[in-house]
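Written below as structure tokens is the structure these notes are about.
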2 protein chains.
Amino acid sequence: MRKKQSTNYVNEQFLFQVCELNSAIAMINGRWKSQIVYSISQGNNRFHLIQQELPNISETVLARQLKELETHAILIKKEIPNTVPVGIEYVLTNKGLDLVPILESLCDWGKLYADGKRISAHSIS
Amino acid sequence: MRKKQSTNYVNEQFLFQVCELNSAIAMINGRWKSQIVYSISQGNNRFHLIQQELPNISETVLARQLKELETHAILIKKEIPNTVPVGIEYVLTNKGLDLVPILESLCDWGKLYADGKRISAHSIS
DNA sequence: ACAATAACTAACAAAATTGTTAGTCTTTAA
DNA sequence: TTAAAGACTAACAATTTTGTTAGTTATTGT
């Protein structure tokens, strides 16, 4: 549980009102979150499919990350009809779908500079 | 100090090799980091200028975040010649500059869905 | 001589995130 | 009847991140 009186919480709120950038980042922060969003966008839209792709994640942790993504309306849970026990499908909202290309550009950026090469700097002054 | 034998660390490394997306996110994770990068790109390239823009950040924390950004080669420190005591200017590398438009699209994404409106979902199946 | 400025650092404490253990519930297969 | 699959949850412990306190260094202004 967040402590609303903590400096940590107050600073987070401060950044949220400085720029939406910070709330956006807060939504994709979290050990597994953006990888999960990406996996779902690739069609791995079931709990056990995500587990197969990310064998190191525990059930508890996966469930928690999914719930947080749901809280931020990046995805919704959908019951698959006529299944027993009822199957759950994870569906990206339009908000979640719009995030995917941004994650892709982050990925490209990461790849481009991965080896520590291609770095340079020159002051603008 | 990170514990190299912890599950937390091992999982982070696992995600790094799954996709560069995860290393990219790890670099911009951190309470103040992307806001600092954005501020520097706007010309607030001195320690005290960033402090003015983000009055809630403590000196210790700002120094730490700057050092981490430097470790990831997103910015470099540059001594300003003929200043006593020697002034330090923070300069984005090309890697850091390439990050800025991505942060801007994250910001736009955040703004678009900020009020919780415009959310919808429909399964692909 | 004393305070102030700029840009830090080390050691520590508080808080948050991540991972673990042990459960739940329902139905089908062996 | 026992086990397994699928999709979870609560309570707790480990680890990491964030914030705090108290310093440093060198120089200029009063």
Side-chain angles (χ1 to χ4, degrees), chain A residues 1-15 22 25-36 44-52 54-71 75-80 82-90, chain B residues 1-15 22 25-33 35-36 40 44-52 54-71 75-80 82-90:
Chain A
M1 275 289 156
R2 284 318 280 282
K3 297 211 173 166
K4 300 261 172 72
Q5 346 78 278
S6 70
T7 307
N8 187 301
Y9 182 83
V10 170
N11 283 352
E12 189 178 52
Q13 296 300 313
F14 165 78
L15 280 170
N22 299 296
I25 294 229
M27 289 185 231
I28 61 173
N29 263 359
R31 178 61 87 245
W32 308 88
K33 277 202 202 111
S34 34
Q35 189 60 51
I36 290 170
N44 294 319
N45 59 348
R46 301 291 302 271
F47 198 93
H48 63 278
L49 293 176
I50 300 170
Q51 278 191 298
Q52 272 166 36
L54 305 173
N56 291 1
I57 200 171
S58 75
E59 289 176 43
T60 314
V61 172
L62 176 53
R64 199 155 53 201
Q65 301 285 307
L66 285 167
K67 190 182 271 184
E68 283 172 33
L69 288 167
E70 202 189 356
T71 301
L75 54 79
I76 57 161
K77 282 200 255 187
K78 206 162 229 176
E79 296 196 355
I80 303 172
N82 302 78
T83 47
V84 267
V86 64
I88 301 286
E89 179 189 20
Y90 297 96
Chain B
M1 275 287 158
R2 285 314 282 281
K3 298 209 173 167
K4 301 260 173 71
Q5 346 76 279
S6 70
T7 306
N8 187 302
Y9 182 83
V10 171
N11 283 351
E12 189 179 52
Q13 296 300 313
F14 166 78
L15 280 170
N22 298 296
I25 295 228
M27 289 184 229
I28 61 173
N29 263 0
R31 178 61 87 246
W32 308 87
K33 277 204 202 111
Q35 189 60 51
I36 290 170
I40 294 173
N44 295 320
N45 59 347
R46 301 290 301 271
F47 199 93
H48 63 277
L49 293 176
I50 300 171
Q51 279 191 298
Q52 273 165 35
L54 304 174
N56 291 2
I57 200 172
S58 76
E59 290 177 42
T60 314
V61 171
L62 176 53
R64 199 155 52 201
Q65 301 285 307
L66 284 167
K67 189 181 272 185
E68 283 172 33
L69 288 167
E70 203 190 355
T71 300
L75 53 80
I76 57 161
K77 282 200 255 187
K78 206 163 229 174
E79 297 195 356
I80 303 171
N82 301 78
T83 48
V84 268
V86 64
I88 302 285
E89 180 188 19
Y90 297 96

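Reckoned from all heavy atoms, side chains included, excluding hydrogens, waters and symmetry mates. As the structure is a computational prediction, the values presented were derived from the model and not from experiment.
Nucleotide dT5(C) holds its C1' atom 14 Å from the CG atom of L49(B), rounded to whole Å. Protein atom CG of L62(A) is 10 Å distant from nucleotide atom C1' of dA7(D), rounded to whole Å. Residue I50(A) contributes atom CD1, which lies 13 Å from atom C1' of dG6(D) at whole-angstrom precision. Between K4(A) atom NZ and dA14(C) atom C1' the separation is 18 Å, expressed in whole Å. Atom CD in E89(B) sits about 11 Å away from atom P in dA7(C), given to the nearest Å. Across the protein-nucleic acid pair, H48(B) atom NE2 and dT5(C) atom P stand 12 Å apart, rounded to whole Å. Regarding F47(B), its CZ atom lies at a distance of 18 Å from the P atom of dT24(D), rounded to whole Å. Atom CD of E59(B) and atom C1' of dA4(C) are 13 Å apart (whole Å).
Note on R46(B): every side-chain N or O is 4.0 Å or more away from OP1 and OP2 of dA6(C). Distances shown here put a side-chain N or O of S6(A) below 4.0 Å from the OP1 or OP2 atom of dA16(C).
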Report each atom pair, protein N/O against N/O of nucleotides 17-20 of chain C, whose distance is under 3.5 angstrom.
| residue | atom | partner | partner atom | Å |
| --- | --- | --- | --- | --- |
| dT18(C) | OP1 | R31(A) | N | 2.9 |
| dG19(C) | OP1 | N11(B) | ND2 | 2.5 |
| dG19(C) | OP2 | W32(A) | NE1 | 2.9 |
| dG19(C) | N7 | R64(A) | NH2 | 2.5 |
| dG19(C) | O6 | R64(A) | NH1 | 3.1 |
| dT20(C) | OP1 | T7(B) | OG1 | 3.1 |

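Taking each heavy atom of I57(B) and V61(B) in turn, the nearest pair found is CG1-CG1, 3.9 Å.
Between T7(A) and F14(A) there is no side-chain heavy-atom pair separated by less than 4.5 Å. L66(A) is listed as a side-chain neighbour of I50(A), based on a closest heavy-atom distance under 4.5 Å. Between L62(A) and I36(A), some side-chain heavy-atom pair lies under the 4.5 Å cut-off.
Electrostatic pairing of R46(B) and E89(B) does not count as a salt bridge here, judged by no charged N lying under 4.0 Å from a carboxylate O.
As judged by a 4.0 angstrom heavy-atom cut-off over every strand, K67(A) is placed among residues touching the sugar-phosphate backbone only.
Between the side chains of N8(A) and R2(A), at least one donor N or O lies within less than 3.5 Å of an accepting N or O.
For I88(B), the side chain to side chain contact (heavy atoms under 4.5 Å, CB included) partners are K77(B), E79(B), Y90(B), not counting sequence neighbours.
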